[in-house]
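Notes for the one structure printed next.
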2 protein chains.
Amino acid sequence: MQSILQNIAKHISLTPEEETLFLSKTETKQFKAKTILLSAGEVATCTYFVNSGILRSFNINDNIIEHVLHFACEGWWIGDMYSYISEKPGNLFIEVLEDAEVVIITKENQQQLFQEIPKLERFFRILAENSLVAHQERLMDNLSLTAEERFEKFCSKYPTLIQKVPQKHIASYIGVTPEFFSKMKARLLKK
Amino acid sequence: MQSILQNIAKHISLTPEEETLFLSKTETKQFKAKTILLSAGEVATCTYFVNSGILRSFNINDNIIEHVLHFACEGWWIGDMYSYISEKPGNLFIEVLEDAEVVIITKENQQQLFQEIPKLERFFRILAENSLVAHQERLMDNLSLTAEERFEKFCSKYPTLIQKVPQKHIASYIGVTPEFFSKMKARLLKK
DNA sequence: ATAATTTCTTAATCTAGGTTAAGTGCTCTT
DNA sequence: AAGAGCACTTAACCTAGATTAAGAAATTAT
């Protein structure tokens with residue numbers, strides 16, 4: 001398992017005391033599949049780091065159609081960044097897809113950690129920058145690639161997810177309907 | 001004009017000495033419209049802050065089709081974040097659309113500034129977080145809204161740009177062809 | 001085990017937006 | 001001011017992907 005301290009150590013180095021302090025400001029919890037950690041309309045007060053299991057974030061359009069923004073499995077962070085930083089009600093849901101162990105950091109604790117360990121500003125800057133780059137790439141992919149190409153990219157980028165999450169969620173992430181996804185998959189298998 | 005120091009002051013406060021130090025690590029330049037500040041294939045060594053004028057970033061698909069990632073006018077930052085942080089050749093172009101004055105920060109100088117004024121880590125963290133949120137929203141919009149809705153959102157978000165940049169670039173940003181954009185605009189005017 | 005609920009597939013039909021192509025009006029040059 | 005490019009429009013036709021609907025397969029709950 002990739003621990004949160006290892007995740008941090010990829011970009012900055014903490015002393016053992018700092019590591020202990022950091023962990024003291026977090027809480028680790030287990031959640032069953034289908035648990036909703038955050039609902040649209042709520043203010044996101046925490047960010048989540050996934051120790052094990054799978055989560056997803058999504059919004060719901062016109063009370064009908066879901067759109068998956070993000071999947072997170074072992075070693076990934078997930079949250080509603082908009083709501084978290086603006087402290088306004090967000091429009092994302094965060095749901096557990098596969099039984100998970102999650103490290104929770106409240107915004108309050110994160111702010112305290114920034115005071116006590118300023119190096120963490122750097123860590124979260126790098127985290128945000130990397131996430132930004134990934135989102136920019138996905139945006140450009142949505143503008144310039146076909147559904148088939150986006151699916152192939154998804155497969156090579158997240159090979160483990162394909163087996164594990166319901167394909168309707170992958171369809172949603174790619175940006176197509178489940179029906180079209182199914183048709184596309186059948187077409188690809190013939191090749 | 002919104003200066004870069006005012007932009008920073010929105011999120012952190014620098015002492016006069018720190019402000020002087022910061023400015024000493026930047027370079028301000030004028031560019032004529034049509035100037036290319038960065039080409040695909042190059043490593044982005046700088047980030048840009050726009051004092052005046054308009055810039056855009058875009059990529060080119062299959063050597064034919066341009067896709068606009070971002071516009072930047074007075075008070076905005078622009079760059080190729082992927083290339084800048086990975087130090088690998090990027091695939092974005094950055095072009096001046098309207099005569100501009102630009103503050104340039106090299107990565108080297110930015111790193112030195114991070115050493116000398118650690119508070120800046122916080123500023124750039126917040127900058128990256130805000131940009132991330134904007135990209136997430138645009139991604140979700142591309143997945144869930146029609147071209148017409150995306151155009152309306154663009155108009156209310158960037159009212160000044162509509163008069164100033166060629167509409168083919170707005171079409172590209174929205175994610176439609178210039179021909180369809182033109183048709184859509186005519187349809188909207190009839191209402 | 002069995003019923004109930006989800007998820008996935010298939011197929012017919014439809015549409016938002018793409019493509020191609022031709023023409024009109026700009027705005028730079030020189 | 002005449003030409004050369006660009007930028008925009010219009011229109012006919014095309015297609016990737018959506019919608020609707022119905023059945024099959026897989027999970028989940030009882």
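Letters go in sequence order (proteins before strands), and every chain restarts at 1.
- Among D:dG17, D:dT10, C:dT10, the nucleotide with an atom closest to any side-chain atom of A:V176 is D:dG17.
- Backbone-only contact: B:K185 has heavy atoms under 4.0 Å from sugar-phosphate atoms and none from a base.
- At whole-Å resolution of the value, NZ in B:K34 and C1' in C:dT29 are 10 Å apart.
- The environment of CD in B:E116 is crowded: more than 12 heavy-atom neighbours from other residues, nucleotides or ligands sit within 6.0 Å.
- One interatomic measurement links the two molecules: CD1 of B:I64 to C1' of C:dT19, which rounds to 13 Å at whole-angstrom precision.
- Within 4.0 Å (heavy atoms only), A:Q167 reaches sugar-phosphate atoms of the nucleic acid but no base atom.
- Taking all atoms of both residues into account, the shortest heavy-atom contact from A:F151 to A:L188 is CD2-CD1, 3.5 Å.
- Following rounding to the nearest Å, A:L189 (CG) and C:dC8 (C1') show an atom-to-atom distance of 13 Å.
- Minimum atom distance to the side chain of B:E179 is reached by D:dT10, of the listed C:dG18, D:dT10, C:dG17.
- Within 6.0 Å of NZ in B:K157 there are more than 12 heavy atoms belonging to other residues, nucleotides or ligands.
- Between B:F154 and B:Y173, the distance from one ring center to the other falls under 6.0 angstrom.
- Atom CZ in A:F180 sits about 9 Å away from atom C1' in D:dA18, given to the nearest Å.
- Across the protein-nucleic acid pair, A:R187 atom CZ and D:dG17 atom P stand 8 Å apart, rounded to whole Å.
- Place B:R150 and A:P166 on DNA chain C by their nearest nucleotides, and A:P166 ends up nearer the 5' end.
- For A:K183 and C:dA11, the NZ to P distance is 11 Å, given to the nearest whole Å.
- Ranked by how close their nearest DNA chain C nucleotide is to the 5' end, B:T146 and A:S182 are led by A:S182.
- Hydrophobic clustering (side-chain heavy atoms under 4.5 Å, transitive across Ile, Leu, Val, Met, Phe, Trp, Tyr) keeps B:W77 apart from B:L132.
- In this structure, B:H169 places its NE2 atom 9 Å from P of D:dC8, rounding to the nearest Å.
- B:L145 places its CG atom 15 Å from the P atom of C:dA16, with the value rounded to the nearest Å.
- For A:K168, the side-chain atoms get nearest to C:dC8 when compared with the rest of D:dT10, C:dC8, C:dG18.
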